[in-house]
Amino acid sequence: MTDAWTKDVHAAVRRIPPGRVASYGLIALVVGRPLAARAVGNVMRACRDTSVPCHRVVHADGSPAFARHRARLRREGVRFNGRRVDLRAHLWNARLPRRV
DNA sequence: CGTGTGACCTAAG
DNA sequence: ACTTAGGCCACAC
């Protein structure tokens with residue numbers, strides 16, 4: 001948990017506003033490791049910190065990692081298109097470190 | 001230092 | 001839409 005990597009990932013996930021979602025890949029992008037989506041998943045798996053809204057982190061196709069997250073997201077006003085979140089409307093518009 | 005594993009992602013068939 | 005295969009990253013052994 002003291003690791004910079006874990007710390008950065010947690011920070012990024014906490015930045016996700018309610019009613020918005022982010023994919024693992026997007027989080028990886030935000031922390032500056034565009035190809036570390038998998039490692040982000042590892043951090044989430046090991047994360048038991050309630051201050052980290054892990055339910056707002058979904059797969060690239062919009063499907064939550066766990067079904068229990070679905071109801072939680074719906075409570076925040078997230079609309080679902082079948083099993084997937086409507087990413088068009090709810091994907092977190094994070095501004096990236098570099099680029100542009 | 002090599003290997004295996006994982007809440008991943010993308011491309012192909 | 002579903003299944004494979006390949007690839008990237010961090011971590012435990």
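Each chain gets a letter, A, B and so on, in the order its sequence line appears, and its residues count up from 1.
Rounded to a whole Å, the CG atom of Leu29(A) is 14 Å from the C1' atom of dC8(B).
Nearest nucleotide to the side chain of Leu35(A), out of dC8(C), dC11(C), dA10(C): dC8(C). Of all nucleotides listed (dC11(C), dA7(B), dA1(C)), dA1(C) comes nearest to the side chain of Arg84(A).
Side-chain contact check for Val58(A) versus Leu73(A): some heavy-atom pair is nearer than 4.5 Å.
Under a 3.5 Å cut-off, the side chain of Asp61(A) and the backbone N or O of Ser63(A) do form a donor-acceptor pair. At least one donor-acceptor pair closer than 3.5 Å links the side chain of His90(A) to the backbone N or O of Arg79(A).
For dG6(B), the base has no donor-acceptor partner in the side chain of Arg45(A) [N/O atoms by modelled type, under 3.5 angstrom].
Contacts of Ala65(A) with the nucleic acid, taken as non-hydrogen atoms under 4.0 Å apart, include base atoms. Within 4.0 Å of Arg33(A), counting heavy atoms only, lie sugar-phosphate atoms of the nucleic acid but no base atom. When heavy atoms are screened at a 4.0 angstrom cut-off, His69(A) is found touching base atoms of the nucleic acid. Nucleic acid contact class of Ala36(A) (heavy atoms, under 4.0 Å, all strands): sugar-phosphate only.
Look at His59(A) and you won't find any side-chain N or O under 4.0 angstrom from OP1 or OP2 of dA7(B).
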